[in-house]
Amino acid sequence: MSVLTTAPDAVPAGEEPPDTGERHRLTAVTGLAALSLDAMASVAYGPEAIVLVLAGAGARGLGFTMPVTLAIAALLAVLVASYRQVIAAFPDGGGSYAVARAHLGVRTSLVAAASLVLDYVLNVAVAVTAGVAALTSAFPGLYGHRLWICLAVLVLITGVNLRGIVESARAFIVPTAVFVGSVFVLIAVGLFRSHPVSTAAAAGHASVVADNATTVGALLLLKAFASGCAALTGVEAIANAVPSFRVPRTRRAQRAEIALGAVLGLMLIGLSVLIGRFHLQPVQGVTVLAQLADAALGHNAAFYVIQFATMILLALSANTSFGGLPVLLKLLARDDHAPHVFALKADRQVHRHGVLALAVVSAALLVFSGGDTNTLVPMFAIGVFVGFTIAQVGMVRHWRARRGRGWRGKALLNGCGALLTGVAAVVVTASKFTEGAWLIVLALPALVAAFEAVHRAYGRIDERLGLGLLPCAPHRERSLVIVPVSSLSRLTSEALTAAASLGDEVRAVSVCHPDPEDRVRARAFERSWRDWDPGVELVCLAPERHGLGRPIAAYVRAVAAAEPGTRVTVLIPEAEPERLWQRLLQNQRGAVVAHAVRRETDAVICRLRFRL
């Protein structure tokens with residue numbers, strides 16, 4: 001006997017294929033735009049961080065810009081190769097958290113997760129403030145309003161991400177392309193220059209190169225390397241957000257990761273070549289990228305295009321966090337280390353609660369810093385290096401466990417990467433400790449402790465609920481439905497009808513306070529009830545004190561104690577207005593009763609909404 005089968009995703013001719021949500025996911029190109037803005041924008045401050053450190057050793061120190069950049073580019077290649085393997089091994093996303101959970105234990109994975117959370121939050125605040133700082137540099141009159149501008153930019157980015165990660169990617173493709181294209185044009189033109197075309201941008205600004213400083217020690221080079229590694233922030237974002245890509249997810253995410261590494265590496269090396277070619281010296285008040293644009297292209301429209309492209313991309317590079325953090329929070333929620341609400345998705349494949357939580361915390365940081373970048377920068381990039389190191393060590397364990405073909409070479413590569421990123425993490429933390437890094441040192445273990453506290457709470461809840469165990473067979477109990485009433489209306493009738501459908505017995509309960517006017521109203525209500533005669537007993541409660549919720553809760557407790565085999569349900573009728581603003585006109589009696597019954601009894605609570 002033959003059986004005719006149909007492929008699960010086969011679609012009959014002439015019909016639209018079912019929407020599986022793939023159109024709301026990323027391709028390799030849109031993934032690069034949505035998740036690489038942080039890394040791309042880092043070329044605006046990565047080379048400058050190297051030059052500023054080496055300037056402490058004078059012109060001799062600046063000569064080591066290219067070797068330090070090549071070391072960072074080599075580390076970038078190691079990280080890209082490693083995270084390409086992470087994407088393949090952990091297609092559910094999570095990056096260093098997923099690697100550590102599989103190979104280094106729960107506690108280490110929580111350290112990785114905490115470091116990523118801190119880095120993502122700080123990235124949003126730093127990116128927004130840096131972009132607004134570039135804006136206020138061009139228009140000084142806006143400086144006094146920079147905090148409000150920062151919050152407005154944050155609201156804009158949040159709104160775009162709430163519409164879906166694909167929508168945010170499409171919105172950011174153009175500014176990303178303009179910035180990357182401008183930098184490559186700058187590099188290409190600069191390579192054909194034998195000397196700077198213009199130095200107008202640096203004119204009148206004091207040089208920060210130290211005088212009579214010729215010693216270049218290993219510690220200085222190490223500090224320059226660690227500072228320049230700020231250009232590597234964001235490399236892990238694609239590995240963290242693999243589920244956001246379209247199928248085949250792994251292949252698309254790997255292509256995006258390789259493209260990110262190639263573009264970022266070429267920009268870093270190209271800019272470093274120009275720094276040496278033009279013998280650039282850092283000055284106060286003008287960025288290195290601005291000086292390079294001035295020297296290669298001249299002080300003209302092209303110079304301002306690069307400045308505005310840099311400003312826009314810096315502000316929008318916060319989008320990397322909005323793509324990566326919600327996925328990480330989803331994985332933490334799945335493992336009971338974060339509230340389960342972070343695992344919920346909206347209709348556009350958006351982890352809306354993760355996006356909103358990131359926006360709220362970032363807004364608090366912006367208010368705390370007053371929109372000032374320098375307040376936040378010392379705390380930035382420490383967390384990502386911790387995550388890098390943990391991911392590299394975890395991948396070494398991964399290769400040792402699998403022992404496949406060529407595993408020793410891969411493990412050696414990851415081991416070298418772990419050593420380099422670990423050293424960078426220590427150097428950055430030590431050099432910036434008094435400038436604000438101490439806050440990260442305290443926040444990291446505090447966040448890990450919070451994750452563990454959430455996990456313990458869920459463990460206690462699971463134990464009380466008996467999850468994983470076969471529960472007792474369901475059985476029928478006598479049921480009593482109590483309906484709070486205060487007047488006769490269609491709402492009262494609907495409530496009693498619903499109650500009669502739910503329970504074996506129905507009782508209406510009314511609260512009468514000791515005031516004379518309330519007693520008169522209560523007697524009138526009782527007469528109307530008898531005249532109506534709905535076939536339901538009316539119980540009038542006469543508490544000594546004013547209140548609505550507590551008297552009803554006390555009555556429910558008394559009934560439960562007097563009839564132990566009865567399942568008590570409190571059905572609370574509420575009118576639902578036609579328009580949202582009209583809810584402000586309601587007396588909220590239903591909410592008051594529900595709160596008191598929930599807090600003081602074990603009764604089942606039903607809230608019947610009668611649409612007007």
Side-chain angles (χ1 to χ4, degrees), residues 39-74 76 130 134 137-138 175-211 216 221 224-225 227-228 230-231 261-314:
M40 296 295 185
S42 65
V43 301
Y45 49 80
E48 182 165 5
I50 299 172
V51 170
L52 287 174
V53 173
L54 294 177
R60 182 186 177 95
L62 292 174
F64 285 87
T65 301
M66 177 56 74
V68 172
T69 303
L70 289 176
I72 293 173
L76 172 63
S137 297
T176 303
V178 170
F179 176 78
V180 173
S182 300
V183 172
F184 277 124
V185 168
L186 161 65
I187 294 171
V189 173
L191 290 176
F192 289 96
R193 305 284 192 192
S194 59
H195 60 277
V197 175
S198 169
T199 58
H205 295 268
S207 173
V208 298
V209 178
D211 296 327
V216 181
L221 293 176
F225 172 79
S227 297
V263 172
L264 180 57
L266 287 175
M267 287 196 295
L268 289 174
I269 294 174
L271 293 176
S272 180
V273 169
L274 294 188
I275 290 173
R277 176 179 285 268
F278 296 142
H279 304 289
L280 184 144
Q281 295 186 358
V283 298
Q284 294 178 354
V286 181
T287 66
V288 167
L289 186 60
Q291 290 187 67
L292 289 176
D294 194 30
L297 304 175
H299 206 76
N300 48 32
F303 170 81
Y304 287 102
V305 167
I306 290 182
Q307 293 308 106
F308 277 102
T310 303
M311 174 193 70
I312 293 172
L313 202 74
L314 276 170

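The figures that follow rest on heavy atoms only: side chains count, while hydrogens, waters and symmetry mates do not. Positions are given from 1, in the same order as the sequence printed here.
The line from CG of Leu54 to CZ of Phe64 is 8.5 Å long, rounded to the nearest 0.5 Å. Note that the CG atom of Leu297 and the CG atom of Leu292 stand 10.0 Å from one another [nearest 0.5 Å]. Between the CD1 atom of Ile50 and the CG atom of Leu221 there is a distance of 11.0 Å, given to the nearest 0.5 Å. In this structure, Leu271 CG and Ile187 CD1 are separated by 4.5 Å, a value rounded to the nearest 0.5 Å. Taking CZ of Phe179 as the reference point, atom CE of Met267 lies at 5.5 Å (rounded to 0.5 Å). Annotation: the span from Ile275 atom CD1 to Gln291 atom CD amounts to 9.0 Å, rounded to 0.5 Å.
Counting heavy atoms from C-beta on, the side chains of Val183 and Ile306 never come closer than 4.5 Å. Looking only at side-chain heavy atoms (C-beta outward), Leu289 and Pro47 stay at 4.5 Å or farther from each other.
Taking all atoms of both residues into account, the shortest heavy-atom contact from Ala293 to Phe303 is CB-CD1, 3.9 Å. When every heavy atom of Gly190 is checked against every heavy atom of Ala296, the shortest pair comes out as CA-CB, 3.8 Å.
Put simply, the side chain of Thr69 gets close to the backbone of Thr65: a donor and an acceptor are under 3.5 Å apart. Distance alone, capped at 3.5 Å, places no donor-acceptor pair between the Arg193 side chain and the Ala295 backbone.
Of the candidates Val178, Leu186, Val180, Val185, Ser182 forms a side-chain contact (heavy atoms from CB on, under 4.5 Å) with just one, namely Val178.
Atom OH of Tyr304 has 12 or fewer neighbouring heavy atoms from other residues, nucleotides or ligands inside a 6.0 Å radius.
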